[in-house]
Amino acid sequence: MQQLPLSDLEAIERRHVLPTYARLPVSVASGSDVWLHTVDGRRILDLLCGLGVTSLGHSHPAVTEAIVAQAGTLLHTSNLMHLTGPVKLAQRLSQSSLGGGVFFTNSGAEANEAAIKLARRHKRGGEILTVHEGFHGRTYGALSATPQEAKQEPFAPLVPGFRAVPNTTEAIVGAIHDGTAAVLLETIKGESGVLPLDPELLAAVRDACDAHEALLIFDEVQTGVGRTGRLWSYQATGVTPDAITVAKALANGLPIGALITAPHLYETFQAGDHGSTFAGGPVAAAAAHAVLDVVDDERFLARVNDAGERFRTGLTAIPGVVGARGSGLMLGVELDPDVVARHGSTAAIAATLLDEHDVWVNAPRPTTLRLLPPLTILDEQIDDGVARIAAALAA
Ligand SMILES: Cc1ncc(COP(=O)(O)O)c(C=O)c1O
């Protein structure tokens, strides 16, 4: 299909695409490695990876090859049939994490929907506990678990049985009781600005969950698949949850998500309890195998940590940057409020980075830039990114 310039696309969108997205002013034609190529010939350094999805970079040859091979063999049949690729993927996900069962989905929100249903199956009518500034998706169950006024309020009434508490050990532990079905948390809150939860808090919540037979579920939709320098971020916390949800980077861009449980939850769902037509189809599963072939490797993950360290060192040396938090290549860059004020806002800085310095990052908090660069990023590309951010902040 002929690629259209930005002005033509905007004209069509104004009439035919529901305006749910505040789109950036670029028309993207293709992607390769860390680069996005626009229709008008620009080359943009992609330090956000489609919001944490294309972690192996664009057009990764092994992923493309796996997709093409599977697409020429079988695109779809049904979850009512046995299929080797998806079944072996479930085995791989389970064996690399909690050791129980896997339910495939098409997205992060759907993985959380599955987790919420699992929790209610575990404890009928039980309450689901979440924390302020958490983000778990936009479908009704996931939205009900996302206690952000601006996202929830227009869509009330939400699903009953959810309760949100502040991010303190006292508040979370104090809210867990015998009627709690599950606590749903991100180990590092991504959409709210790369905010890590303290491992001691997580350990206390684990103990309280055990005391009240509540499930501890970690949403690893953004933190999973190597993003934080471990295959799953919980592996660095010393706390083992009862289930994790994953999606985003699992197939480097094809839609797939999963709920992965511990062995004791293997029989919580029975046939007919949950389902999805497309979920865990053979093409997405083939892509996910190709991703795990690369990412599930100690040397690769060590390199992610080294790359994260190089980014942090470079970023914190920039005048106007007061800190860089996060793990691996999940980075929240904290800016001096005076520098932000000089530029108008952090969103304005992100816009300048895109428009004038051809680099894509975003601004999840008033003083935070978020970077989710490809896990395959090279040292010179890191240095290039740091230099572009420095130039934008200096302007
Ligand atoms: C932690 C977390 N959970 C869930 C979601 C929702 O995932 P999806 O957009 O694939 O539904 C996101 C998306 O940003 C996320 O970051």
Side-chain angles (χ1 to χ4, degrees), residues 1-32 35-55 57-59 63-64 67-68 71 75-76 104-113 135-144 146 148-159 190-191 221-222 247-257 275-281 283-284 287 345 347-348 350-356 358-364 370 372:
M1 186 178 293
Q2 194 205 339
Q3 305 285 322
L4 297 178
L6 182 62
S7 52
D8 290 11
L9 290 182
E10 284 176 338
I12 298 170
E13 285 169 9
R14 270 195 294 277
R15 289 180 59 108
H16 300 294
V17 180
L18 293 178
T20 56
Y21 300 105
R23 290 198 209 268
L24 301 166
V26 283
S27 170
V28 177
S30 64
S32 57
W35 303 105
L36 285 170
H37 306 280
T38 68
V39 170
D40 56 358
R42 286 168 60 199
R43 194 177 76 142
I44 295 169
L45 182 62
D46 183 355
L47 297 186
L48 206 55
C49 279
L51 299 162
V53 171
T54 51
S55 278
H58 298 285
S59 310
V63 177
T64 304
I67 292 169
V68 170
L75 269 188
H76 177 80
F104 285 117
T105 69
N106 302 287
S107 68
E110 284 176 71
N112 287 326
E113 296 291 338
F135 182 83
H136 301 289
R138 305 286 195 147
T139 52
Y140 257 102
L143 180 65
S144 304
T146 296
Q148 298 182 27
E149 178 77 6
K151 293 185 175 70
Q152 288 188 336
E153 193 278 329
F155 301 102
L158 299 172
V159 179
E191 293 307 292
V221 166
Q222 192 163 144
K248 284 199 184 279
L250 186 53
N252 211 49
L254 282 197
I256 187 169
S276 170
T277 299
F278 293 119
V283 181
S345 67
T352 303
L353 276 163
L354 183 63
D355 297 344
E356 296 172 24
D358 288 334
V359 55
W360 187 30
V361 301
N362 78 347
R370 177 175 53 161
L372 302 168

Test log, rule side chain to side chain contact (heavy atoms under 4.5 Å, CB included), inputs Trp360 and Leu24: CA-CA 10 Å; Trp360 187 30; Leu24 301 166; 3.2 Å; yes

Non-hydrogen side-chain atoms of Ser32 and His37 separated by less than 4.5 Å: yes

Side-chain heavy-atom pair Leu4, Ser27 within 4.5 angstrom cut-off: no

Those residues that, when tested against Asn252, pass side-chain hydrogen bond (donor to acceptor under 3.5 Å, both in side chains) (two or more places apart): none

Results of side-chain hydrogen bond (donor to acceptor under 3.5 Å, both in side chains) for Asn106 - residues two or more places apart only: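 Residues passing side-chain hydrogen bond (donor to acceptor under 3.5 Å, both in side chains) with Asn106: Glu110, Ser276.
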
CZ on Phe135 to CG on Leu143, rounded to 0.5 Å: 8.5 Å

Atom pair CG (Asp8) and CD (Gln2), whose distance is rounded to the nearest 0.5 Å: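 CD of Gln2 is found 8.5 Å from CG of Asp8.
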
Smallest separation among heavy atoms of Pro255 and Ala284, with atom names: O-CB, 3.7 Å

Residue list, ring-ring contact (aromatic ring centres under 6.0 Å, His included) with Phe278, at least two apart or on another chain: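 By the ring-ring contact (aromatic ring centres under 6.0 Å, His included) rule, Phe278 matches His76.
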
With Glu10 via salt bridge (charged side-chain N to carboxylate O under 4.0 Å, His left out) - residues at least two apart: none

All salt bridge (charged side-chain N to carboxylate O under 4.0 Å, His left out) counterparts of Arg23, not counting sequence neighbours: Glu13

Residue among Lys151, Arg138, Arg370 satisfying salt bridge (Lys or Arg N to Asp or Glu O under 4.0 Å) with Glu191: Arg370

Would you confirm whether [X], through its side chain, and [Y], through its main-chain N or O, come within 3.5 Å as a donor-acceptor pair?
X      : Y      : result
Thr105 : Ser107 : yes
Glu113 : Ala142 : yes
Ser59  : Gly31  : yes

Name each donor-acceptor pair under 3.5 Å that joins a side chain in residues 38-52 to protein atoms two or more places apart or in another chain, with its distance.
residue : atom : partner : partner atom : Å
Thr38   : OG1  : Asp40   : OD1          : 2.4
Thr38   : OG1  : Gly41   : N            : 3.4
Thr38   : OG1  : Arg42   : N            : 2.8
Arg42   : NE   : Asp358  : OD1          : 2.9
Arg42   : NH2  : Leu354  : O            : 2.6
Arg42   : NH2  : Asp358  : OD1          : 2.8
Asp46   : OD1  : Leu48   : N            : 3.0
Asp46   : OD1  : Cys49   : N            : 2.7
Asp46   : OD2  : His58   : NE2          : 2.7

